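Structure first, then comments.
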Amino acid sequence: MKILKEDIKPLFSEEEIQLRVKEVAREIDLYYKDEEVYVICVLKGSVMFTVDLVKSLTVPIKMEFIRLSSYGSSTTTTGKVHAVDISLPDLNDKHVLVIEDIVDTGLTAKFLLDFINNNFHTKTTKFCSLLDKKCFRRTEIEPDYVGFNIDNKFVIGYGLDYDGQFRNMPYIGYVEIE
Ligand code: 5GP
C-alpha cells in the first residue's frame, strides 16, 4: 500500500498534543515527587513524545533508548517482537518509566516489561503510552499513563511512521484501512 500526504486525515493537532503531553507530565511528576526516574524511550516511534514529555517533567530523570520492532512495511503487527537494541544500564532499585508511542496488541509492551522485570528488581516499573488502541489487544497490558485513546485507525505522524515515512509530521493523522 502506498500512502500519499493527501490521504492523511487529521486526528490530533499539534496544539492538542502539546497540551495533553503537559498534562501527562504533571501526572507523572506528582507520582514520583522528587525521586529520580529512568525514562526508557522505545525507538523509533516514541522519540517525539519522549522528547516533549521529558522537557515538561520536573522530576530528575535519566534517559535510555532501546529499539524494538513488530511492524514491517504494513499496517498490521507481525505479532513477533524483534529486539533490535535492548542494552540497558543496571535498573535494580530504580524507578523505571517506559515510553511507547502506541499500544495496540500490547505484545511489544509485554515483551519489554517482562524483559525488565525478569532482569531487574526495579523500585517501580511504569508504562506510559501516547496512544492507546484497545480494539486488538492480545495481552492484559494496560498503560499507567495514556495521552489519547483511539479506535481502529492506522495513525501516523509525531513519531509514528508508515514504512519509515511521516514521523516528522507535528500532528497525528490517520488513514482508512480497507
Ligand atoms: P503492539 O505490539 O502493541 O501491537 O504494537 C506496538 C507497535 O506497533 C507500536 O510501537 C508501533 O510501532 C506499531 N503500531 C501499532 N499501531 C500502529 C498505528 O496505528 N500506526 C503506526 N504507525 N504504528 C502502529
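All values reported here derive from a predicted model rather than from experimental measurement. Heavy-atom basis, side chains included; hydrogens, waters and symmetry copies ignored. Counting convention: from 1, in listed order, for ligands and their atoms alike.
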N or O pair under 3.5 Å between V103 and ligand 1: no
Could you list the donor-acceptor pairs under 3.5 angstrom formed by side chains in residues 47-58, with sequence neighbours left out?
| from | atom 1 | to | atom 2 | distance (Å) |
| --- | --- | --- | --- | --- |
| T50 | OG1 | S46 | O | 2.6 |
| T50 | OG1 | S46 | OG | 3.3 |
| D52 | OD2 | Q18 | NE2 | 3.0 |
| D52 | OD2 | Y158 | OH | 2.6 |
| T58 | OG1 | D29 | OD1 | 3.4 |
| T58 | OG1 | D29 | OD2 | 3.1 |

Polar proximity ligand 1 side, Y162 side, N/O cut 3.5 Å exclusive: no
Numbering as shown, the atoms of ligand 1 that approach L160 to under 4.0 Å (heavy-atom distance): 21 (C), 22 (N), 23 (N)
Enumerated ligand 1 atoms positioned under 4.0 Å from heavy atoms of D161: 21 (C), 22 (N)
4.0 Å heavy-atom contact, G106 with ligand 1: yes
Test of proximity, V155 against ligand 1: N or O pairs below 3.5 Å: yes
Contact partition for D101 relative to ligand 1, non-hydrogen atoms under 4.0 Å: side chain
Option passing side-chain contact (heavy atoms from CB on, under 4.5 Å) with I156 (candidates I172, L11, I8, D163): I8
Proximal ligand 1 atoms for K133, defined as those under 4.0 Å from one of its heavy atoms: 16 (N), 17 (C), 18 (C), 19 (O)
Gap separating the CD1 atom of I141 from the CG atom of D132, nearest 0.5 angstrom: 11.0 Å
Atom NZ of K123 with >12 non-hydrogen neighbours under 6.0 angstrom: yes
Sub-4.0 Å atoms of ligand 1 with respect to non-hydrogen atoms of K153: 19 (O)
Where at least one partner belongs to residues 13-34, residue pairs that pass ring-ring contact (aromatic ring centres under 6.0 Å, His included), sequence neighbours excluded: Y32-H95
Over-ring placement of K153 relative to Y174, 6.0 Å and 45° cut-offs: yes
same_hphob_cluster(V98, I66) at 4.5 Å side-chain heavy-atom cutoff: yes
